[in-house]
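Working notes, structure below.
All figures in this text were calculated on a predicted structure; none of them were measured in a lab. All residue numbers refer to positions in the sequence shown, counting from 1.
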Amino acid sequence: MEPNLREDLKVGLFKTPQTYPAWIRFSSGGSPQKRGKFHSDSQPDVRGIAIKVMNVEGQKALDDEEKTQDFILNNYPIFLTKDVRDYVDLSQAGSGKLSPERLEELGYAFAILQKIGSHKVGNPLLIQYWSMAPFKFGVSEAVATLGASRIVKLSVKSQQPEQPPETLPESENYLRETLVKYLTEEGREASFDFLIQFYVDDEKTPIEDHVKEWQEADSPFINVATVRIPSQKFDFEERKRLDEGSLFSPWHTLLEHEPVGSVNLSRKRLYSELAKYRREQIAQRLREPQPYVAVED
């Protein structure tokens with residue numbers, strides 16, 4: 001946590017200056033083609049970072065993890081769709097269930113997907129990520145008279161930003177290979193600023209219109225913490241199995257940082273179902289006679 005925060009920023013996880021251990025997972029948005037086989041990193045996709053802060057005391061939104069605080073962010077500042085209805089229909093776009101008129105209405109979402117895919121990521125450690133959806137930012141003693149929780153969006157920005165590469169490596173697993181080279185072979189560490197943007201009003205910083213970006217000119221970023229990834233060896237089987245068994249959710253959170261808005265409410269059920277499915281898959285693999293190696297890009 002930043003040591004000299006303003007009093008009104010000392011809420012929830014950021015109430016007391018201290019250092020927390022954390023697990024961090026970098027990922028791509030595409031689902032596995034089959035067990036153990038992932039899409040090539042050369043294919044356009046959203047890139048994500050998930051942070052699980054450990055040893056966090058306080059009342060949680062869910063009771064399945066007692067002392068964790070999760071943050072899930074992607075490398076694009078806005079969500080795919082304006083609302084939950086469009087998000088559900090977008091997932092069925094290739095099924096033939098939607099009318100031509102409805103597909104035309106979703107044209108803006110396809111345009112956003114194209115923009116996301118056009119972003120070239122050379123090193124996941126050297127870019128910026130956004131929460132896309134809003135969250136509470138507690139009620140500190142300094143603002144208790146307001147009588148309501150404040151709303152923010154979150155961002156994690158590399159302190160060593162890179163220029164977007166003109167071309168990408170040809171390797172199907174170049175993102176993992178880049179992390180191994182940076183953190184292990186070169187023995188470097190990566191640091192990110194953990195930033196927040198405050199809600200201003202429904203026009204400049206809407207809560208329910210998830211495709212309108214909160215502009216920094218309207219709501220400047222405020223640095224509240226530093227995320228540091230030390231140099232390390234991580235590309236081995238035990239760590240891959242730990243990765244596979246780890247469950248991240250924006251609802252693994254202190255009440256002071258509870259997700260806000262209809263999209264986040266839909267994610268609550270989605271992540272719960274994904275967690276259930278993942279546990280079932282892990283249990284099935286444990287029953288198999290041959291070893292299974294999980295590789296996540």
Side-chain angles (χ1 to χ4, degrees), residues 1-25 48-74 77 128-159 189-201 204-205 207 214 216 218-230 246-261 263-265 267-268 271-272 275:
M1 305 303 112
E2 290 298 307
N4 299 309
L5 289 180
R6 303 189 322 241
E7 286 301 312
D8 63 302
L9 300 178
K10 295 179 180 180
V11 298
L13 186 68
F14 313 99
K15 187 173 184 179
T16 305
Q18 60 181 299
T19 299
Y20 293 95
W23 290 106
I24 297 177
R25 181 166 70 193
I49 183 173
I51 304 169
K52 185 180 291 291
V53 186
M54 310 298 291
N55 304 336
V56 178
E57 301 287 344
Q59 188 174 358
K60 304 297 169 50
L62 298 178
D63 58 7
D64 59 334
E65 291 191 2
E66 184 179 356
K67 294 184 178 182
T68 62
Q69 169 70 49
D70 290 2
F71 299 106
I72 299 176
L73 308 97
N74 291 316
Q128 185 171 3
Y129 301 87
W130 293 264
S131 67
M132 301 186 295
F135 296 79
K136 290 181 182 179
F137 198 74
V139 178
S140 70
E141 294 180 1
V143 295
T145 55
L146 295 177
S149 297
R150 295 170 299 167
I151 306 299
V152 298
K153 283 189 176 181
L154 315 172
S155 181
V156 173
K157 183 178 182 180
S158 173
Q159 293 180 354
E189 70 172 41
S191 295
F192 297 82
D193 291 329
F194 193 103
L195 309 168
I196 61 172
Q197 278 182 296
F198 277 108
Y199 167 85
V200 177
D201 57 45
K204 296 177 180 178
T205 53
I207 292 174
W214 290 18
E216 190 171 0
D218 298 321
S219 179
F221 284 111
I222 301 172
N223 189 18
V224 294
T226 298
V227 179
R228 187 178 72 88
I229 304 176
S246 298
L247 303 172
F248 291 83
S249 168
W251 288 90
H252 288 156
T253 176
L254 293 168
L255 293 180
E256 291 92 334
H257 306 305
E258 191 173 10
V260 173
V263 165
N264 269 328
L265 285 175
R267 293 168 84 191
K268 186 176 185 179
Y271 277 87
S272 176

Exercise. Among all residues two or more places apart in sequence or in another chain, which pass the side-chain contact (heavy atoms from CB on, under 4.5 Å) test with I222?
Worked result: R6, L9, I196, F198, V224

Seminar exercise, completed: Q18 meets the side-chain contact (heavy atoms from CB on, under 4.5 Å) criterion, sequence neighbours left out, with T16, Y20

For this session: Would you confirm whether H257, through its side chain, and L13, through its main-chain N or O, come within 3.5 Å as a donor-acceptor pair?
Result: yes

For this session: Look up atom CG in N55 and atom OG1 in T19, then write down how far apart they are to the nearest 0.5 Å.
Result: 11.5 Å

Exercise. Can you name the salt bridge (Lys or Arg N to Asp or Glu O under 4.0 Å) partners of E189, sequence neighbours left out?
Worked result: R228

For this session: Please round to the nearest 0.5 Å and tell me the distance separating atom CD of E7 and atom CG of L5.
Result: 9.0 Å

Exercise. Can you name the closest pair of heavy atoms from F248 and S246 and give their distance?
Worked result: CE1-CB, 3.8 Å

Problem set entry | ring pair (Phe, Tyr, Trp, His ring centres under 6.0 Å) partners of F194, counting only residues at least two apart | F14, F71

Exercise. Which atoms form the tightest heavy-atom contact between L254 and G12, and what is the distance?
Worked result: CD1-C, 3.9 Å

Exercise. Any donor-acceptor pair under 3.5 Å linking the side chain of K52 with the backbone of L247?
Worked result: yes

Seminar exercise, completed: d(I49 CD1, N74 CG) to nearest 0.5 Å is 10.5 Å

Problem set entry | Distance-only donor-acceptor check, side chains Q128 and S155, under 3.5 Å | yes

Seminar exercise, completed: Correct closest heavy-atom pair for A133 and K153 would be O-CG, 3.9 Å

Exercise. Closest approach of R150 and V11, non-hydrogen atoms and distance?
Worked result: NH2-CG1, 4.0 Å

Problem set entry | With Q159 via side-chain contact (heavy atoms from CB on, under 4.5 Å) - residues at least two apart | S191, D193, T226

Problem set entry | P134 to I151 - nearest heavy-atom pair and separation | CB-CG2, 3.6 Å

Exercise. Does CG in D63 sit with more than 12 non-hydrogen atoms of other residues, nucleotides or ligands closer than 6.0 Å?
Worked result: no

Seminar exercise, completed: When every non-hydrogen atom of T68 is compared with those of M54, the smallest separation belongs to CG2-SD, 4.1 Å

For this session: Run the salt-bridge test on E57 and K67 with the 4.0 Å N-O cut-off and return the result as yes or no.
Result: yes

For this session: Using side-chain contact (heavy atoms from CB on, under 4.5 Å) as the criterion, list what pairs up with P77, not counting sequence neighbours.
Result: W130, E213

